[in-house]
Amino acid sequence: MEDSASEEIEEIFDDANGDLALGELESAVEKYRRCVELDPTFFDGWHALGMALMKIGRFPEAIEAGKEAVGLRPNDQIGWTSLSLFYNRNGQIAEAEAAGTKARILSWGGKIKKDEAQE
């Protein structure tokens, strides 16, 4: 059962990536959202959902997806960089700078504590 669920998620994720490539952003968002509903621990699903939401201007939702992603992988530099971008696009400069600082710390080989990811 677990393998078929994981295969289903990967198939939906691949379909969403295809939609994104074709510019069908609303469809991609729906599919990425389905992926994270099926597996709330799917980092790539949360990250891709945030990016797709940002592309259609739904910045608060993108921020929430980004927070989920960094909560799952607090030491993922790309996750923090994306979250910084989402905050920036939403006009939340202080939050964007804080997330960007975490990305820089990781680029220098530092680590982010899991509880810091929840801030």
Side-chain angles (χ1 to χ4, degrees):
M1 172 71 184
E2 189 174 292
D3 284 340
S4 67
S6 131
E7 284 176 22
E8 179 185 3
I9 292 167
E10 285 299 321
E11 188 175 309
I12 296 167
F13 187 75
D14 288 345
D15 285 349
N17 289 338
D19 288 348
L20 190 67
L22 295 172
E24 297 172 3
L25 301 177
E26 292 288 349
S27 179
V29 164
E30 289 174 26
K31 290 174 183 173
Y32 289 135
R33 200 174 300 280
R34 180 76 181 124
C35 288
V36 298
E37 286 170 358
L38 291 169
D39 180 3
T41 66
F42 185 33
F43 171 85
D44 289 336
W46 284 113
H47 183 257
L49 175 60
M51 294 302 289
L53 286 164
M54 181 198 68
K55 287 176 187 264
I56 56 177
R58 289 164 55 184
F59 306 127
E61 290 175 77
I63 290 166
E64 290 309 309
K67 288 166 131 181
E68 291 286 343
V70 298
L72 290 168
R73 288 195 194 162
N75 290 301
D76 189 285
Q77 182 182 353
I78 291 172
W80 285 108
T81 301
S82 298
L83 181 57
S84 177
L85 179 62
F86 304 159
Y87 276 128
N88 189 295
R89 294 282 172 90
N90 201 44
Q92 294 177 257
I93 303 308
E95 293 87 345
E97 289 175 354
T101 297
K102 289 177 181 175
R104 276 190 299 287
I105 288 168
L106 292 168
S107 76
W108 300 329
K111 298 287 181 209
I112 304 297
K113 294 179 186 168
K114 191 147 180 96
D115 59 337
E116 288 183 74
Q118 305 307 319
E119 294 174 1

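Fair warning: this is a prediction, and the values are worked out from it, not measured in the lab.
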Subject >> Residues Thr101 and Arg104: side-chain donor-acceptor under 3.5 angstrom >> reply: yes

Subject >> Note: Glu26-Arg58 ion pair, threshold 4.0 Å (strictly below) >> reply: yes

Subject >> Salt bridge present between Arg33 and Glu30 (N-O < 4.0 angstrom) >> reply: no

Taking the side chain as every heavy atom from C-beta outward, state whether [X] and [Y] have any atom pair closer than 4.5 Å.
X	Y	result
Gln92	Ile63	yes
Leu25	Leu20	yes
Trp46	Lys67	no

Approximate separation, where rounding is to 0.5 Å, of [X] [atom1] and [Y] [atom2]:
X	Y	atom1	atom2	result
Lys31	Arg34	NZ	CZ	12.5 Å
Ser107	Lys102	OG	NZ	14.5 Å
Asp76	Ile112	CG	CD1	11.0 Å
Ile9	Glu37	CD1	CD	11.0 Å

Original post:
Going by the side chain to side chain donor-acceptor pair (under 3.5 Å) test, which pairs reach into residues 9-18, not counting sequence neighbours?
Top reply: Asn17-Tyr32

Original post:
What residues, two or more places apart in sequence or in another chain, satisfy side chain to side chain contact (heavy atoms under 4.5 Å, CB included) together with Asn88?
Top reply: Ile93, Ala96

Would you mind writing out the side-chain donor-acceptor pairs for residues 38-45 within the sub-3.5 Å range, not counting sequence neighbours?
unit_1: Asp39; atom_1: OD1; unit_2: Thr41; atom_2: N; d: 2.9
unit_1: Asp39; atom_1: OD1; unit_2: Thr41; atom_2: OG1; d: 2.6

Could you tell me which non-hydrogen atom of [X] sits nearest to which non-hydrogen atom of [Y], and how far apart they are?
X	Y	result
Met54	Ala62	N-CB, 3.8 Å
Val29	Leu49	O-CD1, 3.7 Å
Pro60	Asn90	CD-OD1, 3.8 Å
Thr81	Ala103	OG1-CB, 3.4 Å
Ser82	His47	OG-NE2, 2.7 Å

Subject >> hydrophobic_cluster_shared for Ile56 and Val36, side chain cutoff 4.5 Å >> reply: yes

Original post:
Any sub-3.5 Å donor-acceptor pair from Ser84's side-chain atoms to Trp80's backbone N or O?
Top reply: no

